[in-house]
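Presented below is the structure to which this report refers.
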Amino acid sequence: MKMSREAVSLCALNKTLNRVENKLQCIQAQFIVLDSSMQKLSEKLEFQSTTLGNQKDQNEMWASLLEDRFTSVEANLFYSYVCETIHYLHSQVLEKLPDLVGALPTLSSILRKKGKNQRIRTAWESVLERLGLQEGNVKALCAFFTLYSYDACYYPVNQRQNYSTDISSVITKVVKNQLLQHSLLSAVRMVEDGKAWGVFQNQKALSKK
């Protein structure tokens with residue numbers, strides 16, 4: 001039986017529609033793959049941008065440390081708060097990891113090992129979050145400590161009060177780099193809360209025995 005002309009045309013139209021639908025499905029699948037690739041690329045670029053931004057902040061902070069000319073008294077005052085804050089951070093992590101006290105004798109040992117040890121990293125991040133600090137703040141304080149530890153002197157709390165009754169204003173006035181300024185102000189806040197200073201004094205007393 002021969003098909004009518006209308007039936008032939010309808011059959012041809014259906015085949016054409018099927019081919020078009022298949023092409024559309026293929027294009028849609030390609031768009032999904034492309035969209036996924038674009039999303040991954042966007043996330044990668046965003047991560048790189050953040051990394052570069054953090055690196056830029058660190059470079060600017062180091063440049064500021066090298067260029068700023070603090071007086072001897074200013075450097076000693078800042079150094080004293082930094083020392084107590086570093087000891088306080090160390091002690092807070094050890095409180096969460098009492099079984100690792102022997103393996104983590106300093107803050108630098110925590111910073112080195114947290115990348116490879118989940119427990120240490122979790123404890124470290126928990127301490128920073130509770131104290132309202134970022135990794136960049138700690139790096140800034142450690143950079144200051146590294147640069148000034150050779151020449152700076154530690155001032156106990158009563159001696160600091162003889163030099164300045166408003167250390168936060170001094171920091172705001174003389175520290176130009178925003179990251180370092182914020183980090184030092186955070187250190188002052190923790191010390192003046194009484195916690196960091198007490199930990200540091202207890203550790204000094206124990207070391208003398």
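By convention here, the first residue in the shown sequence is residue 1.
When all heavy atoms of A140 and L180 are compared, the closest pair comes out as O-CD1, 4.1 Å. Minimum heavy-atom separation, A152 to A75: CB-O, 4.4 Å.
With contacts defined as side-chain heavy-atom distances shorter than 4.5 Å, the pair R130/Q92 qualifies. L141 places a side-chain heavy atom less than 4.5 Å from the side chain of L184. Within the 4.5 Å cutoff, no side-chain heavy atoms of T85 are placed close to those of S183. Using a 4.5 Å heavy-atom threshold, the side chains of D166 and V170 count as separate. When side chains are defined from C-beta on, E74 does not count as touching I171, because their heavy atoms never get closer than 4.5 Å. At a threshold of 4.5 Å between non-hydrogen side-chain atoms, the residues K113 and L104 count as touching.
For the atom pair NE2 of H90 and CG of L111, the computed distance is 10.0 Å after rounding to the nearest 0.5 Å. Expressed to the nearest 0.5 Å, how far OG of S164 lies from CG of L77 amounts to 6.5 Å. Atom OG in S149 sits 15.5 Å away from atom OH in Y154 (nearest 0.5 Å). The line from NZ of K173 to OG of S168 is 14.5 Å long, rounded to the nearest 0.5 Å. If you take CD1 on I167 and CD on Q161, they are separated by 11.5 Å, rounding to the nearest 0.5 Å. With rounding to the nearest 0.5 Å, the separation of CD in E135 from SG in C142 is 10.0 Å.
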Q: For the pair N76 and T71, evaluate side chain to side chain contact (heavy atoms under 4.5 Å, CB included) and give the outcome as yes or no after the intermediate values.
A: CA-CA 9 Å; N76 291 342; T71 66; over 6 Å; no

Q.
side chain to side chain donor-acceptor pair (under 3.5 Å) for E129 and W124? Distances and angles first, verdict last.
A. CA-CA 9 Å; E129 182 178 3; W124 171 250; over 6 Å; no

Q.
Test side chain to side chain contact (heavy atoms under 4.5 Å, CB included) on L185 and T172; report intermediate values, then the result.
A. CA-CA 8 Å; L185 289 173; T172 303; 4.2 Å; yes

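Listed by chain and number, the residues in a salt bridge (Lys or Arg N to Asp or Glu O under 4.0 Å) with R119 are D99 (sequence neighbours excluded). Among residues two or more places apart in sequence or in another chain, the ring-ring contact (aromatic ring centres under 6.0 Å, His included) test is passed with F78 by F70.
Checked by atom type, the side-chain pair Q118/T122 shows a donor-acceptor distance below 3.5 Å.
For an aromatic pair to be called close, the ring centres must be under 6.0 Å apart, and F145 with Y79 satisfies this. With ring centers used as reference points, Y155 lies under 6.0 Å from Y163.
Y81 carries R160 over the face of its six-membered ring, with the cationic atom under 6.0 Å from the centre and within 45° of the normal.
With hydrogens and angles ignored, the 3.5 Å screen pairs no side-chain donor or acceptor of H87 with any backbone N or O of L107. Between the side chain of N137 and the backbone N or O of L133 there is no donor-acceptor pair closer than 3.5 Å. Side chain of E84 to backbone of V191: no donor-acceptor contact under 3.5 angstrom is found. Between the side chain of N117 and the backbone N or O of K114 there is no donor-acceptor pair closer than 3.5 Å.
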